[in-house]
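Let me begin by presenting the structure, written as structure tokens, before commenting on it.
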Amino acid sequence: MMKNDTKQKQDIDAILNSIDHISRAEAPPYFYTRLLARMEGTKATAKPGFLQWLNRPAISISLLTLFLILNVIAIRGIIISNKAAQAATTAAQSFATEYNLGTSTGYSN
């Protein structure tokens with residue numbers, strides 16, 4: 001047990017001593033200048049795509065409003081066509097009952 005503690009202390013001391021000898025990493029000369037030039041070059045040549053236009057709040061809100069209006073128009077159209085179909089069915093049924101045009105045949109059992 002004691003042997004284990006001294007081994008751990010030696011390992012810790014070795015690690016701490018190796019940290020003392022570390023020097024600061026340095027970049028090559030003019031690294032920052034070249035990095036800035038590269039970043040500016042890609043920024044200037046980047047073409048705005050369709051998805052970048054959606055990042056603008058005015059455009060995204062306008063598109064959402066347009067889709068909402070189109071959905072309301074579509075739903076109203078469906079409701080109106082259903083009412084027209086029901087009215088046509090009701091008119092046909094009333095005509096059939098008025099003139100006794102049932103589906104029964106003249107044959108009796």
Side-chain angles (χ1 to χ4, degrees):
M1 191 94 151
M2 190 155 202
K3 192 183 228 185
N4 216 5
D5 288 337
T6 57
K7 174 71 172 148
Q8 284 180 348
K9 286 181 184 179
Q10 287 175 352
D11 289 342
I12 290 172
D13 288 337
I15 292 171
L16 290 175
N17 288 336
S18 69
I19 292 174
D20 290 338
H21 301 294
I22 293 178
S23 64
R24 183 179 177 142
E26 293 188 25
Y30 305 108
F31 174 76
Y32 185 67
T33 307
R34 285 184 282 163
L35 178 64
L36 283 178
R38 184 180 294 173
M39 288 171 50
E40 288 296 322
T42 57
K43 188 176 181 181
T45 60
K47 296 179 183 174
F50 178 72
L51 294 179
Q52 289 179 346
W53 287 98
L54 289 179
N55 288 337
R56 292 183 170 176
I59 293 176
S60 60
I61 290 172
S62 300
L63 285 176
L64 288 175
T65 305
L66 176 68
F67 287 134
L68 180 66
I69 290 170
L70 290 175
N71 281 328
V72 168
I73 291 171
I75 290 171
R76 288 184 74 194
I78 291 171
I79 290 172
I80 290 171
S81 67
N82 284 344
K83 284 183 181 178
Q86 287 175 353
T89 305
T90 307
Q93 286 174 350
S94 64
F95 180 79
T97 26
E98 184 70 32
Y99 291 100
N100 291 328
L101 299 173
T103 57
S104 64
T105 61
Y107 301 107
S108 301
N109 292 345

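Predicted, not measured: the structure shown is a model, and the values here were computed from it.
Atoms CG and CG, on L66 and N71 in that order, are 9.5 Å from each other to the nearest 0.5 Å.
Considering only heavy atoms from C-beta on, D5 comes within 4.5 Å of Q8 through its side chain.
For L68, there are no side chain to side chain contact (heavy atoms under 4.5 Å, CB included) partners at least two apart in sequence or on another chain. Residues passing the salt bridge (Lys or Arg N to Asp or Glu O under 4.0 Å) test with D11, sequence neighbours excluded: K7. For R56, the side chain to side chain contact (heavy atoms under 4.5 Å, CB included) test picks out W53, I59, with sequence neighbours left out. With sequence neighbours left out, I69 forms a side chain to side chain contact (heavy atoms under 4.5 Å, CB included) with T65, I73.
Clustering of Ile, Leu, Val, Met, Phe, Trp and Tyr by side-chain heavy atoms under 4.5 Å joins I79 with I75. Applying the under-4.5 Å side-chain rule to Ile, Leu, Val, Met, Phe, Trp and Tyr, the cluster around I80 consists of that residue alone.
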Name every donor-acceptor pair, under 3.5 Å, that has one atom in a side chain of residues 87-95 and the other anywhere in the protein, sequence neighbours excluded.
{"unit_1": "T89", "atom_1": "OG1", "unit_2": "A85", "atom_2": "O", "d": "2.8"}
{"unit_1": "T90", "atom_1": "OG1", "unit_2": "Q86", "atom_2": "O", "d": "2.7"}
{"unit_1": "S94", "atom_1": "OG", "unit_2": "T90", "atom_2": "O", "d": "3.3"}
{"unit_1": "S94", "atom_1": "OG", "unit_2": "A91", "atom_2": "O", "d": "2.9"}

In a table with atom names and distances, give each donor-acceptor pair under 3.5 Å that connects a side chain of residues 25-36 to protein atoms at least two apart or in another chain.
{"unit_1": "R34", "atom_1": "NE", "unit_2": "Y30", "atom_2": "O", "d": "3.2"}
{"unit_1": "R34", "atom_1": "NH2", "unit_2": "P29", "atom_2": "O", "d": "3.0"}

